[in-house]
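Single-structure report; data block below.
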Amino acid sequence: MAKDNNIEEIYKYIQQFIDENTLVTIGSGISSAEGIPGMKNLASELGKEIPNRISSSESDICKWNKIKDCLDKGSDLETALTEIQASNNLDNVIKHVTYDYIRDFNMSILSGVLNGKRSLKIISLLNHLMPRDNKELVIITTNYDCLIEYACAIAGIDVDTLFYGTTIKRYQPDLMEKQHNRIEKNRRGLDIRTDYNFVKLLKPHGSLDWHSTPKDEFVNASIYSPDTVEIITPGISKFRRERREPYNRIYNICNQEIDKAKRYLFLGYGFNDHDLQDHYEQNKNKGKPMLVVTKDLTDNICNLYNETPTIMLVYQKNTGTNIKYKHSGTETTQYITRKLWDIETLTKEVLA
């Protein structure tokens with residue numbers, strides 16, 4: 001077994017992120033660990049399904065063939081869809097295929113959780129991250145799936161996605177405070193309003209259960225409706241959609257939370273969203289401690305490490321974990337035999 005020389009310092013650095021002033025950002029790596037396919041699998045699914053759905057449009061066939069050619073030459077899906085602008089029709093087909101594909105896995109995972117055949121890795125971590133003094137835990141996620149919402153429900157944690165209501169919730173972020181307090185009785189038997197902990201979940205790329213209506217309302221409803229679903233898929237249209245409501249406001253709220261936080265915890269996040277990344281890297285935020293837990297390193301993560309003064313990377317290497325740590329002008333690289341890049345192991349070994 002390898003000698004874990006700096007284990008106490010490493011654990012102490014990680015433990016500081018269990019604090020109410022930590023902003024958590026969750027990427028596709030957390031969903032992939034549960035069985036939700038990533039971009040490479042999605043690209044393969046698009047390649048199989050799209051030709052069948054655009055067979056009557058020569059223009060769209062030509063566009064898709066160019067995109068497919070980029071993918072075949074090694075481009076990732078986001079790069080291919082950004083370099084070649086899809087028509088509105090092709091863009092909608094891409095959205096529909098993405099929705100169907102991810103939703104099938106999402107519902108399969110939910111079914112497994114409900115029938116007791118599986119659990120979700122993030123549940124135990126959420127229990128540790130929740131503040132103890134009636135404050136919200138803010139999570140930003142670029143994932144479309146609802147695994148975080150399911151994990152919160154199983155853990156008995158209220159979650160706010162800026163929608164308000166019951167079976168059909170409407171996008172009403174100004175009512176957030178109203179729905180996160182309870183009427184309780186004090187010692188004299190008088191009714192008082194009490195705040196309590198909840199997760200404030202911000203989804204700047206939309207969600208499988210977000211839908212738009214003909215009245216331009218945004219609602220949250222557990223229905224199957226490819227034509228109304230609100231998810232922002234990669235490509236040129238992504239930037240156009242991000243500039244309209246409610247996405248524009250959600251991004252503004254994300255930026256406010258990025259500014260307000262004292263430290264950043266990134267879980268399975270590849271740093272591919274330029275709007276968020278630009279705000280994390282502003283001078284006023286660049287000096288804040290960062291912890292990046294991921295299975296695989298990306299070029300963007302390596303660039304972030306080079307440009308950030310206080311940061312720790314926790315990622316897979318061989319059968320264990322490699323840790324790169326930068327603080328106060330010094331750098332340390334440490335191999336640990338335990339799989340700390342896995343959030344279940346991280347929670348059990350370091351936080352519990």
Side-chain angles (χ1 to χ4, degrees), residues 1-19 22-41 74 76 78 120-126 128-129 139-143 261 263-273 276-277 280-281 285-352:
M1 180 178 291
K3 186 176 180 181
D4 299 334
N5 297 318
N6 303 302
I7 198 72
E8 287 189 21
E9 182 182 357
I10 289 168
Y11 280 20
K12 185 176 180 180
Y13 183 86
I14 294 173
Q15 287 162 358
Q16 72 171 306
F17 291 85
I18 306 304
D19 180 89
T22 294
L23 172 63
V24 182
T25 303
I26 292 178
S28 61
I30 297 302
S31 295
S32 294
E34 300 291 356
I36 299 286
M39 283 292 183
K40 185 176 290 187
N41 297 97
D76 60 82
E78 180 137 13
L120 296 172
K121 292 175 176 288
I122 200 171
I123 292 175
S124 58
L125 177 60
L126 284 173
H128 284 281
L129 291 174
I139 298 176
I140 298 173
T141 181
T142 51
N143 299 342
R263 57 190 64 82
Y264 304 129
L265 171 60
F266 299 98
L267 303 172
Y269 183 66
F271 295 87
N272 295 317
D273 188 288
L276 291 177
Q277 193 58 31
Y280 287 123
E281 293 181 355
N285 297 322
K286 191 176 278 190
K288 298 175 182 178
M290 293 186 179
L291 173 61
V292 180
V293 182
T294 184
K295 183 178 181 181
D296 301 310
L297 286 185
T298 65
D299 291 340
N300 288 341
I301 293 176
C302 294
N303 292 336
L304 176 76
Y305 180 84
N306 293 333
E307 297 170 2
T308 304
T310 304
I311 185 172
M312 179 179 286
L313 306 184
V314 179
Y315 58 96
Q316 182 184 29
K317 183 177 181 181
N318 300 326
T319 58
T321 302
N322 214 41
I323 295 175
K324 293 184 68 175
Y325 176 38
K326 186 197 295 187
H327 179 64
S328 299
T330 62
E331 293 189 43
T332 302
T333 300
Q334 174 75 47
Y335 177 77
I336 292 180
T337 54
R338 296 178 287 289
K339 297 180 180 180
L340 296 188
W341 53 268
D342 176 79
I343 59 173
E344 276 188 314
T345 305
L346 181 78
T347 303
K348 182 179 179 180
E349 291 279 338
V350 184
L351 306 180

Test side chain to side chain contact (heavy atoms under 4.5 Å, CB included) applied to Asp299 and Ile301, step by step: CA-CA 5 Å; Asp299 291 340; Ile301 293 176; over 6 Å; no
Those residues that, when tested against Asp19, pass salt bridge (charged side-chain N to carboxylate O under 4.0 Å, His left out) (two or more places apart): Arg263
Over 12 foreign heavy atoms within 6.0 Å of NZ, Lys326: yes
Passing candidate, side chain to side chain contact (heavy atoms under 4.5 Å, CB included) with Pro289, options Ile311, Thr22, Thr310: Thr310
Main-chain N/O of Leu340 paired to Thr321 side chain as donor or acceptor, under 3.5 Å: yes
Nearest-0.5 Å distance, CG of residue Asn300 to OH of residue Tyr269: 9.0 Å
Nearest-0.5 Å distance that lies between atom CG in Leu313 and atom CH2 in Trp341: 15.5 Å
Ring centers of Tyr325, Tyr305 separated by less than 6.0 Å: no
From Leu129, Ile26, Thr25, Ile18, residue fulfilling side chain to side chain contact (heavy atoms under 4.5 Å, CB included) relative to Leu265: Leu129
Aromatic centroids of Phe271 and Phe266 separated by under 6.0 Å: yes
Crowding at NZ, Lys295 (>12 non-hydrogen neighbours, <6.0 Å): no
Crowding at NE2, His327 (>12 non-hydrogen neighbours, <6.0 Å): no
Minimal non-hydrogen separation, Gly287 against Pro309, with atom names: CA-CG, 3.8 Å
Candidate pair Glu349 and Arg338, rule salt bridge (Lys or Arg N to Asp or Glu O under 4.0 Å), full reasoning: CA-CA 9 Å; Glu349 291 279 338; Arg338 296 178 287 289; 3.3 Å; yes
Distance (rounded to the nearest 0.5 Å) between Tyr280 OH and Asp273 CG: 8.5 Å
Value rounded to 0.5 Å, distance of CD1 in Ile323 from CE in Met312: 6.0 Å
Separation of Lys121 NZ from Ser31 OG (nearest 0.5 Å): 12.5 Å
Check: Glu344 main-chain N/O paired with Asp342 side-chain donor or acceptor under 3.5 Å: yes
Euclidean distance, Leu126 CG relative to Ile139 CD1, rounded to 0.5 Å: 5.5 Å
Flag, side chain of Asn143 to backbone of Gly27, donor-acceptor distance under 3.5 Å: yes
